[in-house]
Amino acid sequence: MKLVYLVLDGVADRPEDGPTSLELAKKPFLDRVASLSKCGLMYTVGRGVAPESDAAVMSILGYDPHKEYTGRGPVEAVGAGLDLREDYEVAFRANFATIDPQSKRILDRRCGRNLTSEEARELARTVDGIDLGVYGGYARVVATVGHRAVVIIGSRSHRVSDNVSNTDPAYEKRGYVSIAKPSFEPYVAEAKPLDDSEEAKIMATLVNRFTEKVTGILVDHAVNQERRKYGKMPANVILLRDSGGRIPRLEEINKKFGLKFGAVAEMPVEIGITRILKMDMVNVPPPTENKAKDYEIRLDATLKLLERNDIVYVHLKGPDEPGHDGEVEKKVESIELIDKYYVGPLLEKIRDKGVALLVTADHATPYTRKSHTDDPVPVALMAPGMSGDGLGRFTERECSRGSLGVFQHGYELLPKILEIIRK
């Protein structure tokens, strides 16, 4: 039996806050899946941890991020096709953002979420390779998708450590797992060493010098002058988080489970993870306004991967962004579009083909909170010949009644699902 492992990015909400997006959405195909499935809930990293997607995806693919991970920065660097000089370079996930140049107050962590990839690439080219003027420091800057980027800060003459804090105040670094803060002061944070080593102190100095220099360069950049002309927020700072000094050395997923894994990946972090785990990957274009076409492309990639793999991991970004923006109507719409253009056609294509379907999320992004939270996410497993729990809908409340119970950590999910399927 083969398995499609469908992850809906940030789809879960917090039921205690009121109706969830899954409860409000008209999604007949996902609800049909739930009615035929064994269901449950899952804390994707653990109780009390509001994870970023990187650690959450690692966890739900069967790896404990507290033991086997080296941070989102290196993963996104791999996703962007960059290498990393261990002991002399540190990689960061980065956002182009908007600040008030005088007060340094952050006006928007994502430049109004309308910075184009072309604009970001032009801005990145301007600051790529800048000399930081101390400790032989330099920075490599590569734009990825929209406001997102990868920054590698290194030294030509000194060893450096990745044990430094974020300049992005929305996330706190705990070891190599980054935690979304429920609230924060909206100012660019000063990077600080998180231990007493000279290497960490040097890196903190280089990071702060990077922030200072980049802000001075970007403030009057032609891209930002053009954006201001049209009433758009300028991308006049780069926020850094999730530092890591080496690429994770993880057991290949095919060897770990004795099965062939494929993946449909659209964002740099998922691309990086699938490359590190040596999954058979199809890289699809970033989402566009034409959702019917977007999901047609992703469905076609899923089916092609299914022909040559045992398990196909599919990560769909849709619901996460409107959750961050607090836009419940758009989050509901994103679920309905996935249901109509991906889940429905997928069910038709795999009918009577001996294919199981596992549907879940990498984390919750409640529209009431506008950030990732530690709330558990729904899980539904539909498999040929397996009796389901007879639940009515794919929602947080309904899945809480299912026979799978509550997974306390995401890395417990896949081994249990494979055990059920094998039986």
Side-chain angles (χ1 to χ4, degrees), residues 5 7 9-10 42-80 82-87 89-94 144 148 150-153 160-166 168 170-181 194-195 199-200 203 240-257 261 263 265 267-279 281 313 315 360-363 372-374 377 407-415:
Y5 188 172
V7 174
D9 197 317
M42 170 177 60
Y43 291 92
T44 58
V45 173
R47 288 178 184 263
V49 177
E52 287 198 70
S53 289
D54 59 325
V57 170
M58 281 288 190
S59 185
I60 64 178
L61 283 172
Y63 298 82
D64 183 348
H66 292 292
K67 295 180 179 178
E68 306 176 84
Y69 195 41
T70 61
R72 183 166 185 167
V75 169
E76 297 230 3
V78 171
L82 300 173
D83 56 2
L84 196 59
R85 286 198 309 138
E86 289 188 21
D87 299 323
E89 290 185 331
V90 173
F92 298 81
R93 159 65 196 269
T144 55
R148 305 165 186 85
V150 176
V151 172
I152 293 176
I153 294 178
V160 295
S161 167
D162 58 17
N163 201 21
V164 294
S165 63
N166 300 334
D168 186 338
Y171 293 90
E172 177 185 353
K173 188 181 182 194
R174 297 183 191 172
Y176 288 112
V177 176
S178 193
I179 309 298
K181 295 180 182 178
L194 298 177
D195 59 44
E199 292 85 354
M203 179 49 61
L240 304 181
R241 69 182 196 259
D242 309 343
S243 56
R246 68 174 177 84
I247 308 302
R249 301 183 182 97
L250 300 173
E251 182 182 8
E252 293 180 18
I253 197 166
N254 293 352
K255 294 180 180 178
K256 183 179 181 69
F257 290 104
F261 280 73
M267 301 302 287
V269 65
E270 287 99 41
I271 294 169
I273 289 171
T274 56
R275 286 176 175 168
I276 290 166
L277 299 183
K278 301 294 192 290
M279 300 168 81
M281 180 185 68
Y313 176 88
H315 194 115
T360 188
D362 53 345
H363 53 75
H372 297 186
T373 66
D374 68 337
V377 301
F407 293 91
Q408 299 300 320
H409 303 93
Y411 55 79
E412 299 168 351
L413 177 68
L414 198 49

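Bear in mind that the values here come from a model prediction, so they are computed numbers and not experimental data. Atom set for the values below is all heavy atoms of this structure, side chains included, hydrogens, waters and symmetry mates excluded.
- Defined by atom type and a distance below 3.5 Å, a donor-acceptor pair is missing between the side-chain atoms of D362 and T44.
- T373 and P51 get closest at one heavy-atom pair: O-CD, 3.9 Å.
- No donor-acceptor pair under 3.5 Å is formed between the side chain of S59 and the backbone N or O of A55.
- Among residues two or more places apart in sequence or in another chain, the side-chain contact (heavy atoms from CB on, under 4.5 Å) test is passed with N166 by Y171, K173, S178, R241, D242.
- A heavy-atom distance below 4.5 Å is found between the side chains of I153 and L240.
- Shortest non-hydrogen contact noted between Y69 and Y176 is O-CD1, 3.4 Å.
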List, one per line, each side-chain donor-acceptor pair under 3.5 Å for residues 245-253, sequence neighbours excluded.
residue : atom : partner : partner atom : Å
R249    : NH2  : E86     : OE1          : 3.1
R249    : NH2  : E86     : OE2          : 2.5

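- Residues passing the ring pair (Phe, Tyr, Trp, His ring centres under 6.0 Å) test with F261 are F257, sequence neighbours excluded.
- Contact check for E89 versus V160: no side-chain heavy atoms found under the 4.5 Å cut-off.
- The side chain to side chain donor-acceptor pair (under 3.5 Å) check on R148 picks up E321, with sequence neighbours excluded.
- Taken to the nearest 0.5 Å, the CG atom of L61 stands 10.0 Å off from the CG atom of L413.
- With sequence neighbours excluded, the residues that form a side chain to side chain donor-acceptor pair (under 3.5 Å) with N163 are D195.
- Distance check, rounded to the nearest 0.5 Å: CG of L194 to OG of S243 gives 7.5 Å.
- By the ring pair (Phe, Tyr, Trp, His ring centres under 6.0 Å) test, H372 is found to be paired with H324, H363, residues two or more places apart in sequence or in another chain being considered.
- Considering OG of S53 and CZ of R93, their distance stands at 9.0 Å, rounded to 0.5 Å.
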**Request:** Determine, stepwise, if the pair E199 / D87 fulfils side chain to side chain contact (heavy atoms under 4.5 Å, CB included).
**Result:** CA-CA 9 Å; E199 292 85 354; D87 299 323; over 6 Å; no
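- For the pair I60 and A361, the tightest heavy-atom approach, listed with the atom from each and the gap, is CD1-O, 4.4 Å.
- The one candidate from V150, T144, V75 that meets the side chain to side chain contact (heavy atoms under 4.5 Å, CB included) condition with P268 is T144.
- For R174, the salt bridge (charged side-chain N to carboxylate O under 4.0 Å, His left out) partners are E172, not counting sequence neighbours.
- Legend: residues meeting side chain to side chain donor-acceptor pair (under 3.5 Å) with T360, ordered by chain and number and at least two apart, are absent.
- For the ring pair (Phe, Tyr, Trp, His ring centres under 6.0 Å) test, residues two or more places apart in sequence or in another chain that qualify with Y5 are Y313.
- Every residue was checked against the side chain to side chain donor-acceptor pair (under 3.5 Å) condition with D64, not counting sequence neighbours, and none meets it.
- Partners of Y411 according to the ring pair (Phe, Tyr, Trp, His ring centres under 6.0 Å) rule, which considers only residues two or more places apart in sequence or in another chain, are H409.
- The CE atom of M58 sits 8.0 Å away from atom OH of Y63, with the distance rounded to the nearest 0.5 Å.
- In terms of heavy-atom proximity, V269 sits nearest to D54 at CG2-CB, 3.5 Å.
- Looking at residues two or more places apart in sequence or on another chain, you find a salt bridge (charged side-chain N to carboxylate O under 4.0 Å, His left out) between R72 and E52, E76.
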**Request:** Could you walk me through whether N254 and K278 pass side chain to side chain contact (heavy atoms under 4.5 Å, CB included), step by step?
**Result:** CA-CA 8 Å; N254 293 352; K278 301 294 192 290; 5.9 Å; no
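- Residue A200 comes nearest to S161 through the heavy atom pair N-CB, 3.6 Å, listed as atom of the first residue, atom of the second, then distance.
- Put simply, the side chain of R47 never gets that close to the backbone of D374: no donor and acceptor are under 3.5 Å apart.
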